[in-house]
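Here is the structure we will look at, set down as structure tokens.
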Amino acid sequence: MAERVVNLGLIGGGLMGRELASAAARWVHLDDLGAHPRLVHVCDVQPQALAWYERLADTPRLSGDPRAVLADPEVEAVYIAVPHNLHAELYVAALKAGKHLMGEKPFGIDLPANDTIMDAVGAHPGLLVRCSSEMPFFPGGQEVWRWIAAGSFGRPIEVRSQFLHSSDLDPGKPINWKRRAQTNGAYGCLGDLGMHALHLPLRAGWAPLDVRALLGDIVKTRPDADGNPVPCDTPDNAVLLCRAQQDGHEFALRLETKRIAPGETNTWTIEVDGTEGSIRFSTKRPKTLRTMLYVPGERQSWEETDLGSQSAYPSITGAIFEFGFADAIQQMWAAFLDELAHGRDGMRQPFGCVTPQEAAFTHDLFTAALRSHSERTVEAVEPRHAL
């Protein structure tokens, strides 16, 4: 069967756009998936960002106007990686233009913006819409997911999921759009990092019922391009203490997203503790999976297993070798193209990208978290959409 070529447009040619271009350029790394991406049109308002794409062997069309990408009849699907304040305008425009969409989190700068996006999603049911989240595609993340799906833990006791980095510990780091409420939104680190911590819990059906939030605005000013201090008015760190439930049993769900976690470099950690077993994976030790099975009355001890490159979508990399972030990005895009080409029920493996409904739930949670922190209360989380 001939492989389907999916022509992609990219709006926002920065860090994550380059990762997409790299993943598409080395698609031969994957075993035959039945679908292949081809980056045909790239837009960015910064000419220096566009210049990088001239390095590609198959140079895409380059433009400074998103409308040119959305009007391009050759573009079938778009990846939009722009500041949060632009999500609603561009995501809605992409859907109205009939393009399948991979959008960056959090799917809108705030809850009203997310409402606007979700209305457009509902108006275009024939289009595939997904949200970017790559960390669970690490082999360890996939092992945790299979463990959860198999119910190997018994009944949940507590679940902890974190996404931590430390670059903002430097108060001299210049201000950027992610540190301004006007462009990032009042959620701060929650909007920027929260999906990393929530993807697996939400997919497991562990949506928080309520939240007690502790938000830290630690560095209150940062230098602008001229070295002058300007307000850095978004939360740097967030700790969310939540209740979740499974089969009528409630348990603690602890979520952390931090830009100021000394010593950490984009560390995603998830641990599930249950009445019959526990499992823990962290990208800090990406080859190590920790598990514990309980035998009543016997010693409790963690077992460590070395992981190789056992990815969701098989690749040419031998299982004894290492897996990295660029591989996780490619795996996420493989899931998107797999679902686009074959439908949800025809996917080569069962783990899909974040749905719009899951992204919308993060807005319900983060809006409640802002209230909780401001009023020092426990706030109920009221979903607008079924997961």
Side-chain angles (χ1 to χ4, degrees), residues 15-16 19 23 81 104-106 130-149 153 158-169 178 187-204 206-208 235-242 244 253-273 278-291 302 304-312 322-333 335 351-354 358-359 361-362 365-366:
L15 178 66
M16 297 308 295
E19 291 286 352
E104 270 299 332
K105 53 195 174 353
R130 293 293 181 261
C131 177
S132 177
S133 173
E134 60 282 329
M135 291 300 177
F137 288 96
F138 269 82
Q142 290 293 293
E143 290 283 355
V144 172
W145 166 245
R146 285 189 285 270
W147 175 280
I148 293 172
F153 50 86
E158 183 171 347
V159 175
R160 293 177 289 281
S161 187
Q162 305 170 308
F163 194 83
L164 314 175
H165 70 74
S166 61
S167 63
D168 281 18
L169 184 60
K178 289 184 179 180
Y187 299 148
C189 63
L190 285 170
D192 185 26
L193 307 176
M195 184 54 74
H196 293 305
L198 279 157
H199 188 166
L200 271 189
L202 291 182
R203 189 59 53 86
W206 298 333
D236 299 298
N237 288 359
V239 177
L240 308 185
L241 305 176
C242 309
L253 172 61
R254 180 185 177 97
L255 305 167
E256 295 185 26
T257 63
K258 296 179 179 179
R259 294 174 178 154
I260 301 179
E264 303 291 351
T265 304
N266 270 30
T267 301
W268 172 56
T269 300
I270 186 163
E271 181 172 331
V272 178
D273 292 332
S278 295
I279 192 167
R280 187 179 194 274
F281 173 72
S282 175
T283 56
K284 181 180 285 293
R285 298 176 64 192
K287 292 176 60 177
T288 301
L289 181 73
R290 303 185 73 216
T291 55
W302 285 96
E304 293 191 351
T305 302
D306 245 16
L307 300 172
S309 189
Q310 301 94 2
S311 49
E322 292 80 9
F323 187 98
F325 181 77
D327 300 300
I329 288 282
Q330 189 175 54
Q331 291 284 315
M332 179 191 74
W333 276 102
F351 191 83
C353 299
V354 171
E358 289 168 331
F361 182 86
T362 68
L365 174 60
F366 299 161

### Task
Look at the side chain of Gln331 and the backbone N and O of Glu134, then say whether any donor-acceptor pair between them is shorter than 3.5 Å.
no

## Note on the structure
Sorted by chain and residue number, the side chain to side chain donor-acceptor pair (under 3.5 Å) partners of Thr291 (sequence neighbours excluded) come out as none

## Note on the structure
Across all chains, not counting sequence neighbours, the side chain to side chain donor-acceptor pair (under 3.5 Å) partners of Glu264 are Thr267, Lys284

### Query
Roughly how far, to the nearest 0.5 Å, is the CD1 atom of Ile260 from the OG atom of Ser167?
8.5 Å

### Student check: side-chain heavy atoms of His196 and Lys105 closer than 4.5 Å
yes

### Thr269 side chain vs Ser282 backbone, donor-acceptor pair below 3.5 Å
no

### Task
Decide yes or no for His165 and Lys258: does some side-chain heavy atom of the first lie under 4.5 Å from some side-chain heavy atom of the second?
no

### Query
To the nearest 0.5 Å, what is the distance between CD1 (Ile329) and CZ (Phe137)?
10.0 Å

### Query
Would you say the side-chain atoms of Thr283 pair up with the backbone N or O of Trp268, donor to acceptor, closer than 3.5 Å?
yes

### Query
Does the distance from a Lys or Arg side-chain N to an Asp or Glu carboxylate O, for Glu158 and Arg254, drop under 4.0 Å?
no

### Those residues that, when tested against Gln162, pass side chain to side chain donor-acceptor pair (under 3.5 Å) (two or more places apart)
Glu256

### Message
Looking at every non-hydrogen atom in both residues, tell me the closest pair between Gly194 and Thr257 and how far apart they are.
### Response
CA-CG2, 3.7 Å

### Query
Between Ser133 and His199, does any side-chain donor sit less than 3.5 Å from a side-chain acceptor?
yes

### Query
For Gly308, does its backbone N or O pair with a side-chain atom of Gln310 as donor and acceptor, under 3.5 Å?
yes

#### Entry: Flag side-chain contact, heavy atom, 4.5 Å: Ile279 against Glu271
no

#### Entry: Ser309 side chain reached by Glu322 side chain, heavy atoms, under 4.5 Å
no

### Message
Under a 3.5 Å distance rule, please check whether Asn237 uses its side chain to pair with a backbone N or O of Arg259 as donor and acceptor.
### Response
yes

### Task
Measure the spacing between CG of Leu190 and OG1 of Thr362 and express it to the nearest 0.5 Å.
9.0 Å

### Query
Do Leu240 and Leu365 come close enough that some side-chain heavy atom pair is under 4.5 Å?
yes

### Query
Do Phe323 and Ser311 come within less than 4.5 Å of each other through their side chains, counting heavy atoms only?
yes

### Message
Which residues pass the ring pair (Phe, Tyr, Trp, His ring centres under 6.0 Å) test with Phe366, not counting sequence neighbours?
### Response
Tyr187

### Query
Looking only at atom types and distance, does a side-chain atom of Arg280 sit under 3.5 Å from a main-chain N or O of Val144, one as donor and one as acceptor?
no

## Note on the structure
Between the CZ atom in Phe281 and the CD atom in Gln142, the distance rounded to the nearest 0.5 Å is 10.5 Å

### Task
Using ring pair (Phe, Tyr, Trp, His ring centres under 6.0 Å) as the criterion, list what pairs up with Phe361, not counting sequence neighbours.
none

### Message
If you define the side chain from C-beta out and look only at heavy atoms, does anything of Met195 sit under 4.5 Å from Pro106?
### Response
no

### Query
Would you call Val272 and Trp206 a side-chain contact if the rule is heavy atoms closer than 4.5 Å?
yes

### Message
Going by the rule ring pair (Phe, Tyr, Trp, His ring centres under 6.0 Å), which residues pair with Trp145 if we only count those two or more places apart in sequence or in a different chain?
### Response
Phe351

